[in-house]
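Atom set for the values below is all heavy atoms of this structure, side chains included, hydrogens, waters and symmetry mates excluded.
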Amino acid sequence: MQPANSSYTASIPTLSNNNMPRACLATCLMATSFLSTINHFHMAATVALPGDDVFTLDIVSKIHTDHGSTAKASSDFGHIVEAIPNGVFHPTSPADITALIRLSISQSKPFTVAPRGQGHSARGQALAPGGIVIDMRSMGHGDYGNHVSMSPNELWVDVGGEQLWIDVLHATLKHGLAPRIWTDYLRITVGGTLSNAGIGGQAFRHGPQISNVHELDVVTGMGEMVTCSPDKNQDLFFAALGGLGQFGVITRARIALEPAPKRVLWVRIAYSDVELFTSDQELLISKRSSGSGFDYIEGQVQMNRTLTEGRRSSSFFSASELDQIAELALQTGSSAIYYIEGAMYYNDDTATFSVNQKLERLLEELSFAPGLAFVRDVSYVDFLDRVGREEQKLRSAGVWDVPHPWLNLFVPRSRILDFDAGVFKGILKDAKPVGLILMYPMNKDRWDDRMTAATPDEDVFYAVGLLRSAVAAGDLERLERENAAVLEFCDREGIGCKQYLPHHASPDGWRRHFAEKWGSVAALKRKYDPRAILSPGQGIFPAAGDDEAGSDSL
């Protein structure tokens, strides 16, 4: 008998179970040495199978249970949480995912299922302890015709949920088009970012990625493939976008496009005064019409010690520019230096002189430190893929596959100065973090509140990302303590922030996270995943077989 922890890749007979007695099917399973794996998933040997569903031996044979497969799927980019699945499923089409879910819910005690793209989560959101992890990237090798399909005249592209955004970029650029909103890192999957929100520097104008989707194909926790849009099955459409994988697996998305530029003026301007920094950012995001102001706006916070004590090289700033910024920190005595990062798109046929004039006029409206505006002229692709290039450097230095105790928050505009005072000038004042600290505003009216994603209830709110890495002994424990102190400060002072890429340790934490949306979230969970098998790593709903999913008794 094949050991339960082996990868089952032996040839399995192709069976049609339309008229096959269940006892015969069980015999075939035993003959192909698969009974041990079925028992490993708590299934009976004579499992009841719906007569016409194609999920028998072909589906089960795509579940790998060897140590190498399960170990790889036991952790994620965060390298903080570990949860070992019983197997890893390698689908070649959305129909395979449908079949797997139906196999689960056919059991008296179903097994949990978690889709995993690149596993770029920090707190185990893509893990399935004791269940099955779906390797979504396996579908990239299939032939179901749902990868990247263009409709240039209608300005949309159909994309498989397993596709990487970097591949979407290259495919759409062949037609002179591109999606309107990007995350900073492109080597993650479409389904993964749409399950969260997908934010970046274009969000002030276009909203998050979930606000730029026309249609979805979703496999629900009932094993049903549903096409949904704002006009069709709209409750599932709005639930799945930003839904943390709780209502279904996104297998296709129809994404809005716009004409793609060729070049980018990439700008960073420095501040020592947080009030001037935030005021200028809010001025810039008010310029929302195309051709007005920047096309991309983000911001960063750099703690003083990272500038004055053994700073490392920067992929943007030259050594002399870093010296100028360090001098600003010394002269002002500020505990932090702030950067606005902006991008102005243009094409090869646009006169360089006119683009530079436009930039100069815009900078004249701002109150940054004199002489500390730095400009780079790069290609559109190089700008969008800037973090991908940084990844290669970090991998070479051995500091990519380390723990990432990231904390991402949405902070209301009305409390951003209080947050800065308590966190950057308080809790983290003497910190010397390895990694980025992001801080930039977005416009609430570019978000559709019918979607599951939770945001502060103010017209403008800030994305604050403590994207820090634990590279030395003791770093992880220290960074976790600092994160906990930040959250405790926000709670104590009533800052009213929401977690992005959220992690909550208790049911009450999730209730407070969703706030007034909690009732509809629980009702949608009961409708589309009543046995609570999807994305258990979030810890939002009871495990399969426990209390009823979405119950108010959570």
Is there side-chain contact between [X] and [Y], with at least one heavy-atom pair below 4.5 Å?
{"X": "D158", "Y": "M150", "result": "no"}
{"X": "I255", "Y": "Q209", "result": "no"}
{"X": "Y346", "Y": "L359", "result": "no"}
{"X": "V218", "Y": "V249", "result": "no"}
{"X": "L169", "Y": "L384", "result": "yes"}
{"X": "I495", "Y": "D418", "result": "yes"}
{"X": "V301", "Y": "Y339", "result": "no"}
{"X": "I80", "Y": "E480", "result": "yes"}

Establish, yes or no, whether a centroid distance under 6.0 Å links the rings of [X] and [Y].
{"X": "F317", "Y": "F374", "result": "yes"}
{"X": "F77", "Y": "W406", "result": "yes"}
{"X": "W447", "Y": "Y500", "result": "no"}

Got a donor-acceptor contact below 3.5 angstrom from the [X] side chain to the [Y] backbone?
{"X": "K429", "Y": "F424", "value": "no"}
{"X": "K498", "Y": "H513", "value": "yes"}
{"X": "R389", "Y": "D382", "value": "yes"}
{"X": "N443", "Y": "D459", "value": "no"}
{"X": "T189", "Y": "G192", "value": "yes"}
{"X": "K517", "Y": "D449", "value": "yes"}
{"X": "R254", "Y": "W156", "value": "no"}
{"X": "T172", "Y": "L177", "value": "yes"}
{"X": "R413", "Y": "T278", "value": "no"}
{"X": "D529", "Y": "L534", "value": "yes"}

Which distance, rounded to the nearest 0.5 Å, do you find between the [atom1] of [X] and the [atom2] of [Y]?
{"X": "I437", "Y": "Q302", "atom1": "CD1", "atom2": "CD", "result": "9.0 Å"}
{"X": "S272", "Y": "I325", "atom1": "OG", "atom2": "CD1", "result": "12.0 Å"}
{"X": "N408", "Y": "I199", "atom1": "CG", "atom2": "CD1", "result": "6.5 Å"}
{"X": "Y440", "Y": "L284", "atom1": "OH", "atom2": "CG", "result": "14.5 Å"}
{"X": "L407", "Y": "R123", "atom1": "CG", "atom2": "CZ", "result": "8.0 Å"}
{"X": "Q234", "Y": "R450", "atom1": "CD", "atom2": "CZ", "result": "6.5 Å"}

Are [X] and [Y] linked by a side-chain donor-acceptor pair shorter than 3.5 Å?
{"X": "D217", "Y": "T227", "value": "yes"}
{"X": "W165", "Y": "T183", "value": "no"}
{"X": "Y296", "Y": "E341", "value": "yes"}
{"X": "Q246", "Y": "S535", "value": "no"}
{"X": "Y185", "Y": "D385", "value": "no"}

Heavy-atom count check: over 12 atoms from other residues, nucleotides or ligands less than 6.0 Å from K262 NZ?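 Check fails, neighbour count at 12 or below.
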
Taking all non-hydrogen atoms of both residues into account, name the closest pair between [X] and [Y] and its distance.
{"X": "L173", "Y": "A260", "answer": "CD2-CB, 3.5 Å"}
{"X": "R446", "Y": "A203", "answer": "CB-O, 4.0 Å"}
{"X": "N347", "Y": "P261", "answer": "OD1-CA, 3.2 Å"}
{"X": "A343", "Y": "V264", "answer": "CB-CG1, 3.6 Å"}
{"X": "A373", "Y": "F368", "answer": "CB-CE1, 3.8 Å"}
{"X": "Q125", "Y": "L501", "answer": "NE2-O, 3.8 Å"}

State plainly whether the residues [X] and [Y] are in salt-bridge range, i.e. N to O under 4.0 Å.
{"X": "E258", "Y": "R205", "value": "no"}
{"X": "R288", "Y": "D445", "value": "yes"}
{"X": "E391", "Y": "R395", "value": "yes"}
{"X": "R116", "Y": "D76", "value": "no"}
{"X": "E215", "Y": "K232", "value": "no"}
{"X": "E365", "Y": "K287", "value": "yes"}

Would you check, one step at a time, whether the test ring pair (Phe, Tyr, Trp, His ring centres under 6.0 Å) holds for Y338 with F277? CA-CA 7 Å; Y338 308 86; F277 168 69; 5.1 Å; yes

Please work out whether the ring planes of H504 and W510 are parallel, tilted or perpendicular, with thresholds of 30° and 60°.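 Judged by the thresholds at 30° and 60°, the geometry between H504 and W510 is perpendicular.
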
Output, in order, the C-alpha distance, side-chain angles, deciding distance and verdict of side chain to side chain contact (heavy atoms under 4.5 Å, CB included) for I340 and Q300. CA-CA 7 Å; I340 290 178; Q300 295 183 23; over 6 Å; no

Check the pair R415, E458 against salt bridge (charged side-chain N to carboxylate O under 4.0 Å, His left out), reporting the backbone distance first and the verdict last. CA-CA 11 Å; R415 303 302 303 276; E458 290 196 6; over 6 Å; no

Can I416 and M439 be said to form a side chain to side chain contact (heavy atoms under 4.5 Å, CB included), step by step? CA-CA 10 Å; I416 192 64; M439 179 174 167; 3.4 Å; yes

Y380 vs W266, test: ring pair (Phe, Tyr, Trp, His ring centres under 6.0 Å). Steps then yes/no. CA-CA 10 Å; Y380 181 61; W266 180 13; over 10 Å; no

Among L363, D280, L372, whose side-chain contact (heavy atoms from CB on, under 4.5 Å) with I269 holds?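 Between I269 and the candidates, side-chain contact (heavy atoms from CB on, under 4.5 Å) is satisfied uniquely by L363.
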
What verdict does the side chain to side chain contact (heavy atoms under 4.5 Å, CB included) test give for L236 and F247, after you've listed the backbone C-alpha separation in whole Å, the side-chain angles of each residue and the deciding distance to 0.1 Å? CA-CA 8 Å; L236 179 59; F247 312 103; 4.2 Å; yes

Going through the distances and angles, do D135 and S138 end up as a side-chain hydrogen bond (donor to acceptor under 3.5 Å, both in side chains)? CA-CA 6 Å; D135 181 0; S138 295; 3.3 Å; yes

Give a yes/no verdict on a cation-pi contact between R386 and F383, requiring under 6.0 Å between NZ or CZ and the six-membered ring centre and an angle within 45° of the axis.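 Ring-cation test returns yes.
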
In sequence, state the C-alpha distance, the side-chain angles, and the governing distance for F294 and V267, and then conclude on side chain to side chain contact (heavy atoms under 4.5 Å, CB included). CA-CA 10 Å; F294 286 126; V267 183; 4.1 Å; yes

